[in-house]
Structures are given as structure tokens and as C-alpha cells.
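Positions are given from 1 along the sequence. Whatever order the structure lists ligands and atoms in, that order sets their numbers, starting from 1.
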Amino acid sequence: MITLPASIRVVNKSELIDALHIDNPYAHATISLWGAHILSYTPKHDSRERLFLSEKALFDGSKSIRGGIPVCWPWFGSRDDELQAHGYVRTQPWQLLSATDETDYTELMLSPETTQGAGFDGIAELRLTIRIGKTMHVSLSTKNVGEETFTYNAALHSYFAVDDIYHTELKGLSGIYSDKPLNWAEFETPSPYLFTGETDRVHLNPVEKVSIKQSNASTVIQSYGHDSLVVWNPWSEIATSMIDMDNDGYQKMLCVETAVTQGFTVNPQQTHTLLQVIS
Ligand code: TA6
């Protein structure tokens, strides 16, 4: 491992999984080296945890960690029965390439053990760059280092913490969305955007700024390089059927995912970056 700056120490999440805990003048954050999975982010100016992490999240390597920010790549959603949903980099070890304390933030750069896997033929270099400061920047860069063009999908599948999903409003989205539970039928985005049941929607309006409004606070999410925002809450019945989610866990979370779902084509030597900024 590289030499760590003063703000970072290694913590053990399980026998298999180490994480990096960052504590700098602006924020606390924890990042699992398994999946480059951000588990928590709390800016110090308001001491409010921005991310939801399931109390029953598994750290045994059997599946992706439930909550935080899973990195979905090189596809989004299910591909076919043989291949795991949301790609294969969220369930592999990542390596820390660099970590530095800068004036306004701590910056880390990570890469997965491999970008090669069944279901993807591209030759790619993948980097996740995270800046922990008064805001958190999460930037996923995909570089084509091969000689053939490839097309990929991806998502920063962020689980945001909410006090109470029944008193949560998502602001900033409009236009048509495709509804997964209703066989991808298209509907107009509701206004106000409130939550009363299972929600699993791909909004093809790549708006840059949305916010999750709760009674006393708002979390602002800015997105760049995306073609969609995905909004997900499993609600009660599905949450109850999940081994890594409390029955009531759905009341404390809302996924707002900065995503490429329509396929982004990357030419040789080109880089495409998906960025989510959380404040
Ligand atoms: O992003 C929404 C979604 O694709 C849902 O359809 C739901 O399955 C969710 O992600 C969680 O997927 P996971 O594979 O992490 O259980």
C-alpha cells in the first residue's frame, strides 16, 4: 500500500474487507477497498450523515455491500441470468493508487483488480477518484486503452440517508421516466415527487442538479457525464425479502443514481467520466 496522508487510517470491516477512514478538517468518510465502495460521508459543518448503510449489510464478500455508493460497471441492471446485476467491479478488491491531503479536501484514486470479465469485451482502464471535503466528489473515469471502440453502461448507485421516506421529496426532476416494475412503461414525473410505494425508475432527463428535501435538511446531488438518473426505493415487501436489509430499512433511504443506461461509446484513447457531487 502507498504511504497514507495524516487524515487516513485503515479500519477492518471484516476478515476480508479493509476500509479507509478519512478524518480531515471538513468531513469524515469511510471507503471500503472492496468495491471502492463509499460507506459513509459526514461533512463536519452540519454533522449530518449523507449516506444510508443497511444495518444488515454483508461484509463477507458474498455480494455487494447494501448501501453507500456501489460502483456499477460495465453494465447497469441485469444483463442475463448468468451475469451478476450491475457488473463485476462492485464485488472485487480495488487498489489504492494515490491519496493526498490537499488544502480543501483529501483526494483518493482507486482502480479495480481487473476491468476484464465475461459480458464485456472492451479493453478499459477504470479509475474512481474521490474528494472528501465540504462536498464529496465521486468521479468514475473509463478510458479506452484498446484498439477497438466499446460501449458501456454504469452508475454511481448512491443510497442517500433520509429521516423518513414518508416525509421526503425529490426536487429538480421533470419529464418522462421508464418504470421498471411496470415493464418499462413511460410516465410523467410526478410533482411534487413523493414516495408512497415501490419506486424503480429510469429518468432519461439528464438534469444536473436534484435535491432530496426532508423536513429539516436537504441533500443536493449534482451529476455530470450521465444520460439518466435512476430513482429507487424497494419499499416494504421487497425490503422484507432481502437478506441484507432491515424490514423497515426502506424508510431510511432513497437511491438517486447518476447513471449511463443508454450505452456510451468510447473510442480508442478516449476517456468518459461520470461524476456525482454530494453536498
Ligand atoms: O438501480 C435500481 C436497481 O437496479 C433496482 O432494480 C434494484 O434491483 C436495485 O438496483 C438493487 O440492485 P442490487 O443488485 O444491488 O440488489
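At a threshold of 4.5 Å between non-hydrogen side-chain atoms, the residues Asp23 and Ile8 do not count as touching. The shortest distance between side-chain heavy atoms of His37 and Ile31 does not fall below 4.5 Å.
Close contacts of ligand 1 with Val230, meaning ligand atoms under 4.0 Å from a residue heavy atom, involve 1 (O). For ligand 1, the atoms closer than 4.0 angstrom to any heavy atom of His86 are 3 (C), 4 (O), 10 (O), 12 (O), 14 (O). Ligand 1 places these atoms under 4.0 Å from at least one heavy atom of Phe76: 1 (O). Of all atoms in ligand 1, numbered sequentially from 1 with element shown, those under 4.0 Å from a heavy atom of Lys180 are 6 (O). Atom numbering of ligand 1 starts at 1 in the shown order; those under 4.0 Å from a heavy atom of Glu257 are 1 (O), 2 (C).
Residue Arg90 touches ligand 1 through its side chain alone, judged by heavy-atom distances below 4.0 Å.
Put simply, CD on Glu102 and CD1 on Ile132 are 13.0 Å apart, with the number rounded to the nearest 0.5 Å. Here the OG-CD1 distance, from Ser211 to Ile221, works out to 7.5 Å after rounding to the nearest 0.5 Å.
Of the candidates Arg66, Gln84, His157, it is Arg66 that places a heavy atom closest to atom 13 (P) of ligand 1.
Within the 4.0 Å heavy-atom shell around ligand 1 one does not find Arg201. For the pair Met242 and ligand 1, no heavy-atom separation below 4.0 Å is found.
Tyr88 has its ring centre less than 6.0 Å from the ring centre of Trp75.
Distance from atom 11 (C) of ligand 1 to its nearest protein heavy atom, with residue and atom name: Trp232 CH2, 3.6 Å. Nearest protein heavy-atom contact of atom 6 (O) of ligand 1 is Asp200 OD2, 2.5 Å.
Relative ring orientation between Tyr159 and His157 is described as parallel, the plane-to-plane angle staying below 30° on a 0-90° scale split at 30° and 60°. By the 30° and 60° cut-offs, the orientation of the rings of His203 relative to Tyr177 is tilted.
Relative to the six-membered ring of Tyr26, Lys134 misses at least one condition, a distance below 6.0 Å or an angle of at most 45° to the axis.
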